[in-house]
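What follows is a set of notes on a single structure, which appears directly below.
What's counted below: heavy atoms across the whole structure, side chains too, no hydrogens, waters or symmetry copies. Source: prediction; values computed, not measured.
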Amino acid sequence: MAIKGLRNIGIMAHIDAGKTTTSERILFYTGKTHKIGEVDSGSATMDWMEQEQDRGITITSAATTCLWHDWQINLIDTPGHVDFTAEVERSLRVLDGAVGVFSAVDGVEPQSETVWHQADRYKVPRIAYVNKMDRVGADFAMVLAEIHSKLGAYPLAVQLPIGSENSFEGVIDLLTLEELRWTGQDGTEMLRSSVDPSRAPAALEARDALIDGLSAFSDEMTELYLEGTEVPLHLIKATLRHAVLDLKVVPVFAGASLRNIGVQPLLDGIIDYLPSPEDVPPFRGYHQKQEKEVEVTPDSAGNLLALVFKIQNDPQSGLYSYVRVYSGTLKSGSQVLNIGKKKRERVNRLLRMHANRTEAVDSLAAGDIGVIVGLKESQTGDTLGMENYPVLLEQMQFPQPVISVAIEPQSTEEAGKLATVLSTLMLEDPTFLVKEDKETGQTLISGMGELHLDVLITRITKEFRVKARVGNPQVSYRETVVIPVVHTEVFDRVLANKPNHAQITLEVKPGARGSGNAFRSQLPRTTLPQLFQEAVERGVRGAFTSGVLFGYPMIDVDVTLTAARYDELTASEFAFEAAGSLGFDNAARKGSPVQLEPIMKVTILCPREFVGEVVGYLSQKGGIVHSMDSQATREIVHGEVPMVKMFGFTTGLRSMTQGRGTFSMEFSHFAPKS
């Protein structure tokens with residue numbers, strides 16, 4: 001398959017907008033499956049995990065490869081729940097384009113905004129699909145308006161729905177001015193007909209708006225439009241494609257996936273408007289030997305560079321390492337170098353994934369996505385390549401876990417099994433952390449939210465069959481300093497009859513919120529050799545992991561090494577590392593340290609008649625209401641609440657709204673504990 005014939009795309013949206021249902025239709029119409037899987041009946045191909053079928057939601061990004069006419073589509077169906085945002089993050093990192101699915105009834109929902117802005121950050125071109133046009137309350141125009149107002153995008157309708165709710169029967173293609181309807185079992189036959197005279201004025205007006213909007217991106221189209229000349233179809237498509245690739249425009253399609261309406265034109269839109277690996281800007285990497293940034297282009301004959309973006313444990317085959325090949329060709333049976341870890345790895349087998357089923361392949365060329373079986377050292381975010389071209393691709397950034405529970409095996413026989421399972425889950429999920437509480441000796445597991453931890457615990461006990469006891473959820477706090485401090489630390493010890501001496505001066509001050517920890521040195525190598533400066537940095541960074549109040553990690557702290565004294569006879573790396581660690585701890589104690597708690601950004605959707613009780617309930621929880629949006633049947637409340645107050649929030653909200661209120665939350669920031 002030529003690179004130009006590839007499409008690496010993701011399906012992304014809010015929970016319950018119909019991503020997996022749409023993905024199932026794509027698989028069916030491309031001939032990948034012979035029967036349409038349904039989420040509600042637990043038979044969806046892309047929701048293959050037992051828990052996904054039980055809960056009716058997507059938890060892990062499922063990848064598959066299918067063919068539409070002469071094009072190969074590598075498709076990733078991403079989760080819609082905010083607790084699994086890392087799955088979306090790592091998928092967007094390796095995708096070239098995305099389809100945003102929106103419910104015609106609910107419009108742009110909170111998680112839609114989150115994933116859309118994640119795609120903005122990675123500069124991923126998108127098309128939009130307004131699903132559920134057959135549902136009561138469906139409003140195509142409302143969704144277009146919200147895409148513009150809430151997402152800051154420029155939506156252009158390329159289709160108009162024919163009817164809505166119960167009367168929805170198809171779409172009008174505004175490019176060809178034809179009506180499209182679906183017949184036959186499972187909607188396999190698509191019928192084209194001329195636009196009904198009763199709908200012609202609206203269709204012509206919408207087509208005029210489409211061409212008017214596109215003419216801003218094409219002088220040729222502008223001239224034809226002003227002259228009143230018919231704009232040829234190939235020019236409309238070419239202009240629309242360029243505008244999408246430049247992130248200027250979002251073409252909007254309509255349909256009802258559950259009723260098998262509108263999916264085939266969406267597939268055509270993926271091919272026509274979303275980029276091939278050749279169409280996206282060159283990827284940036286860091287050449288370790290040349291110590292400079294280089295551009296990586298998708299050349300199958302070039303130097304091998306591939307990024308591991310996901311690890312998945314398979315009970316039979318071991319670890320599956322999902323990779324995107326950016327340059328060169330990855331061959332089965334070959335040896336590769338993990339460039340960051342400088343470790344050689346063997347590619348035992350290469351696979352194409354079809355959700356949880358596999359197909360063996362001999363090679364993966366530039367631009368392609370697949371799975372390596374046999375990697376032992378590589379983790380999410382690692383770069384694979386060759387020794388003659390040590391280029392490190394930019395790593396992925398994941399949010400910090402904010403909620404923890406204690407877990408312990410029920411017997412000593414289960415202890416080893418639990419440790420193995422926890423390390424496997426950490427490999428799979430970069431937002432799942434395991435650590436031992438030094439004071440209590442408990443093993444703490446941390447995740448992104450109650451649902452995330454609930455899913456992980458269920459996997460540990462059911463999927464991996466580990467007998468374990470689980471404690472109540474605990475919030476993961478942080479610590480920081482409030483005032484700047486300058487501190488001089490002297491370390492002087494005799495170890496094994498050898499003196500170890502170091503003297504350093506550290507300036508410790510609070511950083512901007514969300515800036516993370518930073519260490520820098522102002523000293524030239526003539527004052528303190530590089531070896532010892534690196535030792536000081538190791539000591540300071542090690543001390544960041546446990547604060548001085550309650551041992552929680554320190555965040556948003558800037559440390560500068562401003563002065564140092566050393567003697568060639570008594571200086572040692574150990575002494576300077578110890579001085580860095582002790583010096584930071586002592587400086588932090590003088591810096592008025594404070595405990596920080598995670599604050600969650602909360603969005604509550606509730607019927608209008610209950611909004612007063614909901615706002616009152618939020619205030620009881622110590623929350624702050626920032627804004628409220630009104631929709632036809634409900635109110636949307638936006639606010640912030642301390643994480644510790646959110647346990648059991650679902651139960652309270654449901655009881656006061658007769659089970660009709662829902663909410664989503666995501667981590668916002670850390671703030672001093674009230």
Side-chain angles (χ1 to χ4, degrees), residues 5-13 17-39 44-46 64-77 97-102 104 126-134 138 140 156-164 168-195 203 210 233-234 236-237 240-241 244 250-274 276 354:
L6 271 177
R7 296 290 183 273
N8 295 315
I9 63 135
I11 309 283
M12 60 183 205
K19 293 181 310 303
T20 303
T21 303
T22 304
S23 298
E24 292 298 321
R25 269 68 188 169
I26 289 174
L27 297 186
F28 179 72
Y29 296 131
T30 56
K32 196 69 188 180
T33 56
H34 302 294
K35 179 175 175 291
I36 295 177
E38 300 294 1
V39 176
T45 306
M46 301 298 269
T64 194
T65 300
C66 52
L67 295 173
W68 181 242
H69 304 315
D70 296 327
W71 284 270
Q72 176 185 318
I73 299 174
N74 292 327
L75 174 75
I76 296 184
D77 174 28
V99 178
V101 179
F102 300 93
R126 277 145 282 174
I127 62 178
Y129 175 62
V130 180
N131 189 26
K132 302 190 178 184
M133 279 303 306
D134 59 328
F140 185 71
L156 281 179
V158 294
Q159 292 179 343
L160 273 189
I162 301 173
S164 66
F168 179 63
E169 56 186 85
V171 298
I172 297 172
D173 186 333
L174 296 177
L175 276 71
T176 61
L177 276 182
E178 292 175 311
E179 293 190 351
L180 309 180
R181 286 179 178 78
W182 283 262
T183 62
Q185 189 178 6
D186 301 323
T188 48
E189 293 175 39
M190 189 170 74
L191 303 178
R192 292 179 176 270
S193 60
S194 55
V195 177
L210 170 64
L233 181 62
H234 71 86
I236 300 175
K237 282 191 168 184
L240 189 52
R241 180 176 178 77
V244 171
V250 178
V252 184
F253 295 78
S257 296
L258 197 60
R259 280 180 52 196
N260 308 315
I261 297 176
V263 177
Q264 293 95 327
L266 179 65
L267 277 164
D268 290 333
I270 288 169
I271 302 303
D272 289 341
Y273 309 124
L274 291 181
S276 75
H354 176 43

Where do [X] and [Y] come nearest, in terms of heavy atoms and distance?
X    : Y    : value
N131 : V101 : CB-CG1, 3.9 Å
W182 : G170 : CZ3-CA, 4.3 Å
L274 : R241 : O-NH1, 3.1 Å
C66  : I26  : SG-CG2, 4.2 Å
Y129 : S257 : OH-OG, 3.0 Å
A157 : L174 : O-CD1, 3.4 Å

* Selection residues 251-263 - residue pairs positive for salt bridge (Lys or Arg N to Asp or Glu O under 4.0 Å), sequence neighbours left out -> none
Are [X] and [Y] packed together at the side-chain level, in the sense that at least one heavy-atom pair is separated by less than 4.5 angstrom?
X    : Y    : value
L210 : L175 : yes
R192 : L180 : yes
T30  : L67  : no
R25  : D186 : no
I261 : D134 : no
P265 : M190 : yes
F140 : V252 : yes
L267 : I73  : yes

Measuring from atom [atom1] of [X] to atom [atom2] of [Y], what distance do you get when rounded to the nearest 0.5 angstrom?
X    : Y    : atom1 : atom2 : value
T176 : L233 : OG1   : CG    : 7.0 Å
L258 : T22  : CG    : OG1   : 9.5 Å
Q72  : N8   : CD    : CG    : 8.0 Å
L6   : N74  : CG    : CG    : 6.0 Å
I11  : E24  : CD1   : CD    : 11.0 Å
E178 : D173 : CD    : CG    : 6.5 Å

Hey, does the side chain of [X] reach the backbone of [Y] with a donor-acceptor pair shorter than 3.5 angstrom?
X    : Y    : value
D70  : G5   : no
Q264 : G187 : yes
R7   : I271 : yes

* Structure fact -> F102 meets the ring-ring contact (aromatic ring centres under 6.0 Å, His included) criterion, sequence neighbours left out, with W116
* **side chain to side chain donor-acceptor pair (under 3.5 Å) involving E179 - partner list, sequence neighbours excluded** =>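 Counting only residues at least two positions away or on another chain, E179 forms a side chain to side chain donor-acceptor pair (under 3.5 Å) with R181, R199.
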* Walk me through it: do I127 and L266 pass the test side chain to side chain contact (heavy atoms under 4.5 Å, CB included)? => CA-CA 9 Å; I127 62 178; L266 179 65; 3.9 Å; yes
